[in-house]
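Scroll down for the structure; my scribbles are underneath it.
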Amino acid sequence: MSEAAKRAGSPTRAISPPPLRRKVESTVTTYGSERTVASFFTPTSQKKPEKISWRVVNSVVIGKYTTDSGEQPARREKAKVAAFDLDSTLVVTASGNSFPRDSSDWRYHVVIMSNQKRISLQKELKGGRADSKSLTNFKERVTGVMRGIDIPISVYAATEDDENRKPRTGMWREFVEDYDLDVFGVDLAASFYVGDAAGRPRDHSAVDRGFALNVGIPFKTPEEFFLNKAAKNVPELFNPSSYLKTDPADNVPVPFARQSPRELVIFCGSPGAGKSTFYWNHLEPLGYERVNQDNLKTVRLVYNPVNLKRYAYSGCPQRQKCIKVAKEFLAAGSSVVVDNTNADPNTRAEWVSVAKEFNVPIRCIHFTSPPELCKHNNAVRAANRSLNPESRPPLPGIAFGDFLKRFKEPTLDEGFSDIVRVDFRFQGDEEARRLWGQYWV
């Protein structure tokens, strides 16, 4: 158990069993090696019924622990949910110590929701079971935690970088469906989520805090919840909703207008800055032809030095195919947009030379989106098909780091006739706004 949980002493909150109203589907009952050894030395007459059931739904591993008391009667009021992260919140090791609780009449559905990307789900063709060493180890570790807490509790573990991974809300939706909590609803104000990833300087991320904000329930760190410590000021999270504010239509300036019958326009901006969306919304209707390295399959392969996985992303230095296609469009009398990152002066200089060759003006559109916004856009479009019309795969963090390393702000001295600055503005219907306005990273 974590230090915060160990030092909690007498608790101030009561946690009691949730009603189990749905049958478990496709369960695999197991307790791992620890349970097996204990069961082996226990006389058959003294053995208790198995208490933990496991199943896998898409990329989520779900475990449910029930006590001998059985199911509780269905409630006729909104449910209260006590939700916790696992690592560095409830436990640092599988200690089996009891979770603090008292005898007041507050009753909660208790659930653990954890990102566990290290789990590898290997589907067997027969039986529909998932089995791997990492999954087995996780089950054994969580089994010790559940047996130590020894109250009805569920665990949901997201194993992929998809809609289920915190701060995204797929695990929460699955939990609500499992317990039919949509019948009478969830008392969001009386529920809470406790996690250590709060966006503090020493935290690895802010996914727990973002998850609670997405769900709409109060958030506490382990120190605040278990030790009753005062909340500390933390840096403000990147807030996507701040980009959803719109000005009246008659006050929005025209972002781009053609200046010459034939011209070359190059984009300059990070991956995920909104370049392609800007093209489709504002330049394609004006008849500009688009040249893009991703579409021309000239992306390069790089290796992530951490996990040695290979990724493909735009920013290829071998842009000769792009230049060839652009020249063909210009020779045919068309205006051209180069929809690439064009991060540094040397890259942009090649396009200035193309413009001189065809005696056309060259213009630069500079996209100013900060890294946090670009990473947010990347995550949103990868997880939502409706917001990803070009079916682009998610980019690794190295793509954003590479851009920042090479980036030099464009200047007129490079040979541009003008530089148009574009600050990101979200455009979309209400459903798109709802999706985009959540925390995704």
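Put simply, the side chain of Arg168 gets close to the backbone of Asp162: a donor and an acceptor are under 3.5 Å apart. Using a distance-only test at 3.5 Å, with no hydrogens or angles considered, a donor-acceptor pair links the side chain of Asn388 to the main chain of Arg381.
Between His282 and Tyr288, a ring centre-to-centre spacing not shorter than 6.0 Å is recorded. Not less than 6.0 angstrom separates the ring centroid of Phe424 from the ring centroid of Phe367.
A salt bridge links Glu328 with Lys324: the distance from a Lys NZ or Arg NE/NH1/NH2 to an Asp or Glu carboxylate oxygen falls below 4.0 Å. Between Arg141 and Asp87, at least one side-chain nitrogen of the basic residue sits less than 4.0 Å from a carboxylate oxygen of the acidic one, meeting the salt-bridge criterion. A salt bridge does not link Glu390 to Lys275: none of the charged side-chain nitrogens sits closer than 4.0 Å to a carboxylate oxygen. Between Asp402 and Lys405, none of the side-chain N atoms (NZ, or NE/NH1/NH2) sits under 4.0 Å from a carboxylate O, so this pair counts as no salt bridge. A salt bridge links Lys327 to Glu357: one of the charged nitrogens lies within less than 4.0 Å of a carboxylate oxygen. Salt bridge status for Arg348 with Glu414: present, with a side-chain N to carboxylate O gap under 4.0 Å. Contact check on Asp423 versus Arg425 returns no salt bridge, with no Lys/Arg side-chain nitrogen under 4.0 Å from an Asp/Glu carboxylate oxygen.
Residues Asn340 and Cys322 are in side-chain contact: their nearest non-hydrogen atoms beyond the backbone lie under 4.5 Å apart. Contact of the Ser270 side chain with the Phe400 side chain is registered, since non-hydrogen atoms from C-beta on lie closer than 4.5 Å. Under the 4.5 Å side-chain criterion, counting only non-hydrogen atoms from C-beta, Arg363 is in contact with Gln259. Counting heavy atoms from C-beta outward, Trp440 and Asn384 have side chains that approach closer than 4.5 Å. With a 4.5 Å cut-off on side-chain heavy atoms, Phe407 and Asn342 do not count as touching. The side-chain heavy atoms of Glu263 and Ile362, taken from C-beta on, include no pair separated by under 4.5 Å. Residues Val61 and Thr159 meet the side-chain proximity criterion, which asks for heavy atoms closer than 4.5 Å.
Pairing each heavy atom of Leu121 with each of Asn58, the nearest pair is CD1-O, 3.9 Å. When all heavy atoms of Ser191 and Ala79 are compared, the closest pair comes out as OG-O, 4.0 Å. Heavy atoms only, all atoms of each residue included: Val111 and Tyr156 are closest at CG2-CD1, 3.6 Å. Of all non-hydrogen atoms in Ala197 and Asp203, the two that sit nearest each other are C-OD2, 4.2 Å. Counting all heavy atoms, side chain and backbone alike, Val207 lies closest to Pro167 at O-CB, 3.5 Å.
The side-chain tip of Lys166 does not point at the ring of Tyr439 from less than 6.0 angstrom away and within 45° of straight on.
Rounded to the nearest 0.5 Å, atoms CD (Gln116) and CG (Asn137) are 11.0 Å apart.
Note: Tyr193 and Phe219 have parallel aromatic rings, judged against thresholds of 30 and 60 degrees for the angle between ring planes. The aromatic rings of Phe225 and Phe84 sit perpendicular, their planes meeting at an angle over 60°, well past the 30° parallel limit.
Summarising the local packing, CD of Glu236 is surrounded by 12 or fewer heavy atoms from other residues, nucleotides or ligands at distances under 6.0 Å.
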Worked verdict on Phe192 versus Tyr108 for ring-ring contact (aromatic ring centres under 6.0 Å, His included): CA-CA 10 Å; Phe192 56 86; Tyr108 280 85; 5.4 Å; yes
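Residues in residues 335-345 take part in these salt bridge (charged side-chain N to carboxylate O under 4.0 Å, His left out) pairs, two or more places apart or across chains: Arg290-Asp339, Asp344-Arg406.
Inspection of the Ser241 and Asn239 side chains reveals an N or O donor paired with an N or O acceptor under 3.5 Å.
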